[in-house]
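Quick notes on the structure that follows.
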Number of protein chains: 2
Amino acid sequence: MEDRLYKNIPHKTIERLSQYRRALQIYSDKGKTNIFSHEIAALLHITAVQVRRDLMLIGYSGSLRKGYDINDLVMLIGDLIDSPEGQKVAIFGMGDLGRAIINYFQGKRDKLKIAAGFDTNPEKFSHEIAGVNCYPVEKAAEVIKEKGIKIGILTVPGDQADETVRIMVEAGIKGVLNYTPTPVEVPDDVYLEEYNMISSIEKVAFYVKERK
Amino acid sequence: MEDRLYKNIPHKTIERLSQYRRALQIYSDKGKTNIFSHEIAALLHITAVQVRRDLMLIGYSGSLRKGYDINDLVMLIGDLIDSPEGQKVAIFGMGDLGRAIINYFQGKRDKLKIAAGFDTNPEKFSHEIAGVNCYPVEKAAEVIKEKGIKIGILTVPGDQADETVRIMVEAGIKGVLNYTPTPVEVPDDVYLEEYNMISSIEKVAFYVKERK
DNA sequence: TCCATTTTGTTATTCATTTAACAGTGCAAA
DNA sequence: TTTGCACTGTTAAATGAATAACAAAATGGA
Ligand SMILES: NC(=O)c1ccc[n+]([C@@H]2O[C@H](COP(=O)([O-])OP(=O)(O)OC[C@H]3O[C@@H](n4cnc5c(N)ncnc54)[C@H](O)[C@@H]3O)[C@@H](O)[C@H]2O)c1
Ligand SMILES: NC(=O)c1ccc[n+]([C@@H]2O[C@H](COP(=O)([O-])OP(=O)(O)OC[C@H]3O[C@@H](n4cnc5c(N)ncnc54)[C@H](O)[C@@H]3O)[C@@H](O)[C@H]2O)c1
C-alpha cells in the first residue's frame, strides 16, 4: 500500500514541509524557478542536510546543478499534505483567541477553510467573522455533519475543554487542535495535537534565567 | 556547580513541569494535600512512569505510601522554573494575537508579568490593555532597559519579524517567543522558541487525511 | 511475625530525530 | 579529456526522549 509510506514520515518532517512550502512561495514570488537545499535551509534557519533528508523521505529528487524546481516541489508538498477535495475546520469558542485565529487563518490556505464557529454565548451568534458563521454548540453535530467538517480547533475556557471535545468527537471530528491549557483525551481514531502557551512562555523564561 | 544539573533536564520535561504545577493546583484547590504519580499522569493523559522520571530529574522524592506532597512539589517546581525576583515580558505587535495573549496571560503567573507592549501604529499608543501600556517601537531599547525586561513575544506581521527581533536583541532581550510564521535568527546567548500555528493546523489536517 | 500489595526511584532498553559521513554525478574550466 | 567543484541522495552514528523493567521500602492484614 503506497500510502503506508507516508505514515513513516516523522511528525517533525511534516511540520517542516508545511514551512518549506511557505519559504518556497517567497522565492517563487521573486521570480526564481529553482532553489538549492542550502537556500531553503537559510530561510528556515536549519541545516541543508535536514532539508535534503526531508525531501528524500517524500521521494523528491532535485537536479544536481540547478537544485530543486520550486513549482514541482510546491506541488509535491501539496500532493502530500493537502487533501485534493479540501478540508474544513471548525472553531469551538469564539472568544479572543478563536476570533484572532479566524481573522488570521481564513483565506491563507486553498485546501483548508474554517467553515463554522461554535459558542455558548448567544451574543456571538448574530454576526459572522471573516465570513465564518457562529452557531450554538447544540447545533454542532448537525452543522458538522452537514458541512463534512473533520477538524476542530478548541479555544473554549479550560474548564469546558473536556465536555467540548466530547461533543466534537461525537459529532464526527477526526482531528483536534487544543489551545486550551487543559489536556484532553480522544479516542484512538482521532488525531490530537495540544499546544500550551503558558508552558512555552515559562520555558523561555526558564532558559533565560538559567543562562545568566 | 549545582545549576549545571538543571541544564541537563530535557526541554520536554521543563514543559511538563509547568503543566504539573497547573494540575497540582487543581488537586490542591480540592483540599487534597498529597497526590500519586498516576493521579498527576491521569490529569495530563500521560503515563505515571513519565511523571516519576521527571520528578526524579528535579530531585524530588515522594513518600511511598502517601505519594507526593502537593505543596512541597509546587514549591520545588517554582524554585526550579521561576526566578525568585520575577521576570518581565514585552509584547511586540499589539494586534489581535498580541492583545489576546495579554488578556489571557496577564495575572496568571506570580513571577511572570507582561510589562510593556510595542507597536508602530500610533492608534495603539493611547490606551492600555489589561494594565499593559503600549509604546512606540522606537522607545523599545529605552523602556526595556529601564524596566529590566528580558523576555519578548513576537506578534508583528511576518514581514516585520526579522527587523523587530533585531531591535529586541539590541535592546537586551534574552529570550524570544516567535508566533510569526517567519523563522528568525538570534545570537547564541539568546534563547529562541518558535511556534507556527499554520504548521500545526496543516499537521492535524494531514494526519486526519492519512487515517481515512 | 511475615507476606502480599502498592508505590516509589532508578537503570536499561527502545524508539524518534538530528547530525555526520560520504559516494555519486553533472558541469565548467583547464 | 580530465580535473575540481558544488551539489544531491543515502547510509551510518549520535543525540534526545519515552517506555519498560525491576529493586527497594512502607503498610496493612493474615
Ligand atoms: N487568548 C489567548 O491568547 C490564549 C492563548 C493561549 C490559550 N488560550 C486559551 O484559549 C481558550 C480561549 O481563550 P480566550 O482568550 O479566547 O478566552 P475567551 O473567554 O475570550 O473566549 C472563550 C469563548 O468560549 C465560549 N465558550 C464558553 N464555554 C463554551 C462551551 N462550552 N462551548 C463553546 N463555547 C464556549 C465563550 O462564550 C467565549 O466566547 C482558553 O482556554 C485559554 O486558556 C488563550
Ligand atoms: N491572529 C492569530 O491567531 C495568529 C496566529 C498565529 C500567528 N499569528 C501571527 O502573529 C502575527 C500577528 O498576528 P495578528 O493577527 O495579531 O496581526 P495584526 O495585524 O492584528 O497585528 C499586528 C500588529 O503589529 C503591529 N506592527 C506592524 N509592524 C510592526 C513593527 N515593525 N513593530 C511593531 N509592531 C508592528 C501592527 O500595527 C499591528 O498592531 C502575524 O505574524 C501572524 O502571522 C497570528
Side-chain angles (χ1 to χ4, degrees), chain A residues 4-20 24 27 32-70 72-73 76 183 191-194 199 203 206-207, chain B residues 4-20 24 27 32-70 72-73 76 183 191-194 199 203 206-207:
Chain A
R4 279 270 156 247
L5 271 174
Y6 288 163
K7 293 266 169 63
N8 296 331
I9 298 179
H11 285 214
K12 291 288 177 68
T13 295
I14 296 295
E15 288 174 19
R16 278 192 299 269
L17 286 170
S18 156
Q19 290 163 220
Y20 294 164
L24 291 170
Y27 262 54
K32 290 196 61 170
T33 60
N34 291 82
I35 192 167
F36 295 117
S37 60
H38 65 260
E39 293 178 297
I40 299 179
L43 287 171
L44 273 74
H45 303 118
I46 59 177
T47 68
V49 176
Q50 185 149 67
V51 173
R52 290 205 301 277
R53 208 176 195 303
D54 285 339
L55 297 187
M56 184 195 89
L57 291 172
I58 66 171
Y60 182 65
S61 282
S63 130
L64 210 36
R65 205 63 189 181
K66 295 194 286 183
Y68 305 97
D69 182 291
I70 292 181
D72 284 0
L73 188 46
L76 183 64
Y191 181 84
L192 173 67
E193 176 96 8
E194 314 210 55
S199 292
K203 187 178 170 188
F206 171 77
Y207 285 107
Chain B
R4 278 271 156 249
L5 271 172
Y6 289 162
K7 292 265 169 64
N8 296 331
I9 297 179
H11 285 212
K12 291 290 179 66
T13 295
I14 297 294
E15 287 175 19
R16 280 192 298 269
L17 286 171
S18 157
Q19 289 163 222
Y20 294 164
L24 291 169
Y27 262 54
K32 290 195 62 171
T33 60
N34 290 81
I35 192 168
F36 294 118
S37 61
H38 66 258
E39 293 178 297
I40 300 178
L43 287 170
L44 273 74
H45 301 120
I46 58 177
T47 67
V49 176
Q50 185 149 66
V51 173
R52 290 205 299 278
R53 207 174 194 303
D54 285 339
L55 297 188
M56 184 194 89
L57 291 172
I58 65 170
Y60 183 65
S61 284
S63 129
L64 210 37
R65 205 62 190 182
K66 295 194 286 183
Y68 304 98
D69 181 292
I70 292 181
D72 284 0
L73 188 46
L76 183 64
Y191 181 85
L192 173 66
E193 176 95 10
E194 313 211 55
S199 292
K203 187 178 171 190
F206 171 77
Y207 285 107

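Since the model is a prediction, treat every value here as computed from it, not as a measurement. Note on naming: letters A, B, ... go to the chains in the order of the sequence lines (proteins, then strands), and numbering restarts at 1 for each one.
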Exercise. With the side chain of A:T47 defined as its heavy atoms from C-beta on, choose the nearest nucleotide among D:dG9, C:dT19, D:dC7.
Key: C:dT19

Self-check item: B:T13 vs B:Y20, side-chain contact (heavy atoms from CB on, under 4.5 Å): CA-CA, chis, key distance, verdict
Solution: CA-CA 10 Å; B:T13 295; B:Y20 294 164; over 6 Å; no

Practice problem: Can you label the angle between the A:Y191 ring and the A:H11 ring as parallel, tilted or perpendicular, going by 30° and 60°? | Solution: tilted

Quiz item: What nucleotide, of D:dA20, C:dG26, C:dT19, holds the atom closest to the side chain of B:V49?
Solution: D:dA20

Quiz item: Is there a donor-acceptor pair closer than 3.5 Å between any side-chain N or O of A:Q50 and the backbone N or O of A:T47?
Solution: no

Quiz item: Which of these nucleotides, C:dT11, C:dT5, D:dT11, is closest to any side-chain atom of A:R53?
Solution: D:dT11

Quiz item: Is A:S37 touching bases, backbone alone, or none of the nucleic acid, heavy atoms closer than 4.0 Å?
Solution: sugar-phosphate

Quiz item: Touch check for B:T13, heavy atoms < 4.0 angstrom, all strands: base, sugar-phosphate only, or nothing?
Solution: nothing

Quiz item: Rounded to whole angstroms, how far apart are CD1 on A:I35 and P on D:dT8?
Solution: 10 Å

Quiz item: What's the closest nucleotide to the B:R65 side chain, out of C:dT8, C:dT18, D:dG28?
Solution: D:dG28

Quiz item: Considering only D:dA18, C:dT10, C:dT17, which nucleotide approaches the side chain of B:M56 most closely?
Solution: C:dT10

Practice problem: Would you mind reading off the distance between B:I58 atom CD1 and C:dT10 atom C1', rounded to a whole angstrom? | Solution: 16 Å

Quiz prompt | Candidate nucleotides C:dT8, D:dA18, C:dT18, ranked by approach to the side chain of A:K12 - the nearest | solution = C:dT18

Exercise. Return the value, rounded to whole Å, for the distance between atom CG of A:N8 and atom P of C:dT17.
Key: 11 Å

Quiz item: Between C:dT8, C:dT10, D:dT11, which nucleotide has the shortest distance from any of its atoms to the side chain of B:L64?
Solution: C:dT8

Quiz prompt | Protein-nucleotide distance (B:Y60, atom OH; C:dT7, atom P), rounded to Å | solution = 16 Å

Practice problem: Determine whether more than 12 heavy atoms belonging to other residues, nucleotides or ligands lie under 6.0 Å from atom NZ of B:K66. | Solution: no

Exercise. State which of C:dT7, D:dG9, C:dT17 makes the closest approach to the side chain of A:Y68.
Key: D:dG9

Quiz item: When the distance from CG of B:D69 to P of C:dT8 is rounded to whole Å, what number comes out?
Solution: 13 Å

Self-check item: For A:S37 against A:A48, the heavy-atom pair lying closest together
Solution: OG-CB, 3.7 Å

Exercise. Rounded off to whole Å, could you give me the CG-to-P distance for the B:L57 and C:dT10 pair?
Key: 10 Å

Self-check item: Phosphate OP1/OP2 of D:dG9 contacted by A:R52 side-chain N/O (<4.0 Å)
Solution: no

